[in-house]
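Below: one structure, written as structure tokens.
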Amino acid sequence: MAMESQVDFLVMGAGVAGLRAAVELARHGDVLVVTKESLGESNTHYAQGGIAVAMEGDEDVALHFEDTVNAGDGIVYRPAAEALVSEGPVRVAELIEWGTSFDSEGGELLRTREGAHSLPRILHANGDATGAEISRSLVAFAQVHKRVRFAEWTTVTGLVVAEGRVVGADLLGRDNRLERVSARAMLVAAGGAGQVYSDTTNPGVATGDGIALAALAGAELADMEFYQFHPTALSLPGVPRFLLSEALRGEGAYLRNDHGERFMERYHPLLELAPRDVVARAITREGIGERPGEMRVVHLDMRHIKGIDLHHRFPGISAFLAKYGLDLVRDLIPVRPAAHYLMGGIRTDLTGRTNLAGLYAAGEAACTGVHGANRLASNSLLEGLVFGARAALSMLADDLPITVAHPPKSVPIPLSPLEEQTLEEQIAKLQAAMWAYAGLLRQESTIHLGFASQEACAEGLARLVKQGKGSRRLSEARAMIHVAHAILHSALARTESRGAHFRNDYPQHDDKRFLKHSIFGREEQVVFEEW
Ligand code: SIN
């Protein structure tokens, strides 16, 4: 049965950005936070290494700004980076006050280093479980607010637009119950879309739903060609691409090719701590064999490290590796890159506003330009805090009235087991095609192959939609198809290489034409704008 209800503020996503916003919004109205699985199942939860923050005053902040801008390869939107690094310390201090426990010794916060950081400034929790600790403490803090409600196991299947303004959304529960919720303002903080690729560090929920729904409602997307591939995911056949934190290299891990040679000196003076895009491409190149299809194994090596108890410093990683008979102290660990973080997303200004009234975005789902073409390691949790709070403040300031939306006319018909299986096969083909054709190294011909696969998947989906079918998975498939479409268009249009976007057919920067951000709008055209 279709239902209808109302709330002041609707928040899609329960990661760091959504929760931080919810806490702010709850001071002034009722908030409903919608999440596809149980609370805590988000990209935030899986963040290992830490949160980058400059807690030592102005000079420290200025260096963090410089590192962020340098990693972004020419197109970081400087006012966004300025906001991130200067407001970061206040937001982190607030988090500590609310119950987040970062690792410390003798009352001093411990800090580690990661790629492209000029000094150790990364706070961590429980060794390598920083995201889980931030998520735990923010959920607990939000739960004591009487005005915050959570809808777990609930999928947003569409945004409701009336007279050019987003006035609510359709929510599909686990029992296939459809509810239309009217809201004064809606925040998309539903994270990234790593699941568009077959190889990803992201959990299954990261299907780009918020980005796709916003775009389908008329929001502009920006910088969608910039997908960050984390250099070191575990590479074992049949095993998920488990993240092996950059903090391992921050604590001194080497990368070795299959001759046992440390190879990073051929790619960057910062060696293993070069920017993430450089390290990921270097591993890919070292991993390509001489014969077509041949792959060589690249390893992470910590066997030389003395004076650190690696099992204590990295308990989560050690426990995961132990399941496969691997030990950081004793073994070479096989690694390869995997899709990790989308620098692009729903275009917003610095206050989380999109081009659609009533719709706001923050965190990985949004694109403020803060990361440019390549995000600095451990800047993403900070982004969620800073821009989650900013978006909430503008939702409050805009003070939009509620417009009650009519309940949806029909409820979706569940898919048959055969239809579900076919849908899964089509999704898997799309993910494999995106990895092969629009991954770390792309070129015009492969991008066109990506389009062919994306269109085939879209046709299969359209047949089901026409029959009135609907489910969480169908909604996710639609989102992945839409996000893939935007990535492919944007990657085709940027005929240069920059940051995470590398074109084999245009391997150089083209600063004259492309020191700009790409905008993917409703007409499916990509335009480039200087910010
Ligand atoms: C990591 O621990 O390497 C991931 C941190 C990040 O994505 O910035």
Side-chain angles (χ1 to χ4, degrees), residues 15-17 42-53 64 67-68 71-72 81 84-85 88 92 102-103 110-117 120-135 191-194 197 200-203 206 226-235 241-253 255 270 272-280 283 300 302 310 313-318 320-321 328 333 335-343 345 363-364 370-386 499-500:
V16 59
S42 61
N43 262 349
T44 293
H45 177 86
Y46 291 92
Q48 295 177 352
I51 182 163
V53 63
H64 190 190
D67 290 347
T68 300
L84 178 80
V85 300
V92 170
F102 290 111
D103 295 335
L110 295 175
R111 288 143 214 234
T112 193
R113 198 171 164 185
E114 291 183 2
H117 284 271
R121 65 163 70 91
I122 293 145
L123 307 184
H124 44 87
N126 300 321
D128 55 8
T130 314
E133 170 59 11
I134 290 179
S135 175
Y197 290 97
T200 179
T201 60
N202 291 183
F226 296 119
Y227 219 109
Q228 181 167 78
F229 298 91
H230 195 288
T232 57
L234 182 63
S235 176
R241 298 272 83 81
F242 181 74
L243 177 65
L244 295 168
S245 177
E246 196 149 325
L248 297 168
R249 279 174 283 132
E251 300 290 354
L255 288 165
L270 287 174
E272 280 85 356
L273 290 178
R276 216 169 248 187
D277 57 323
V278 175
V279 183
I283 292 177
L300 200 65
M302 300 194 89
L310 292 175
R313 174 68 183 83
F314 298 108
I317 292 173
S318 298
F320 191 88
L321 292 177
L328 287 174
I333 313 295
V335 292
R336 65 182 148 118
H340 184 61
Y341 181 91
L342 178 61
M343 270 75 71
E364 189 176 350
V370 68
H371 307 302
N374 177 52
R375 174 173 65 81
L376 183 67
S378 287
N379 262 356
S380 53
L381 292 171
L382 194 68
E383 173 193 24
L385 283 182
V386 168

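One-based numbering along the sequence shown. Indexing begins at 1, ligand by ligand and atom by atom, following the structure's order.
- What sits closest to atom 4 (C) of ligand 1 on the protein, heavy atoms only, is R276 NH2, 3.6 Å.
- Here's the thing with G49: one of its N/O atoms is less than 3.5 angstrom from an N/O atom of ligand 1.
- Under the 3.5 Å distance criterion, the side-chain polar atoms of E114 are left unmatched by any main-chain donor or acceptor of G250.
- Using a distance-only test at 3.5 Å, with no hydrogens or angles considered, a donor-acceptor pair links the side chain of T232 to the main chain of L244.
- Within the listing of ligand 1, atoms 4 (C), 6 (C), 7 (O) sit less than 4.0 angstrom from a heavy atom of H340.
- When the options L310, N126, D128 are evaluated for a side chain to side chain contact (heavy atoms under 4.5 Å, CB included) with P315, the one that passes is D128.
- Distances between N or O atoms of S245 and those of ligand 1 include at least one value under 3.5 Å.
- Looking only at distances, a side-chain donor or acceptor of T200 sits under 3.5 Å from a matching main-chain atom of A339.
- The shortest contact between atom 8 (O) of ligand 1 and any protein heavy atom is with S378 N, 2.6 Å.
- Remark: ligand 1 atoms within the under-4.0 Å shell around heavy atoms of E246 are 1 (C), 2 (O), 3 (O).
- With hydrogens and angles ignored, the 3.5 Å screen pairs no side-chain donor or acceptor of R276 with any backbone N or O of A280.
- For ligand 1, the atoms lying closer than 4.0 Å to a non-hydrogen atom of A377 are 8 (O).
- Close contacts between ligand 1 and R375 involve ligand atoms 6 (C), 7 (O), 8 (O) [criterion: under 4.0 Å to a heavy atom].
- For Q228, no heavy-atom contact with ligand 1 is shorter than 4.0 Å.
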Quiz prompt | Verdict with reasoning, H124 to E133, per side chain to side chain contact (heavy atoms under 4.5 Å, CB included) | solution = CA-CA 9 Å; H124 44 87; E133 170 59 11; over 6 Å; no

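- Close approach to H230 involves these atoms of ligand 1, each under 4.0 Å from a residue heavy atom: 1 (C), 3 (O), 4 (C).
- For H371 and Q228, the side-chain atoms include no donor-acceptor pair closer than 3.5 Å.
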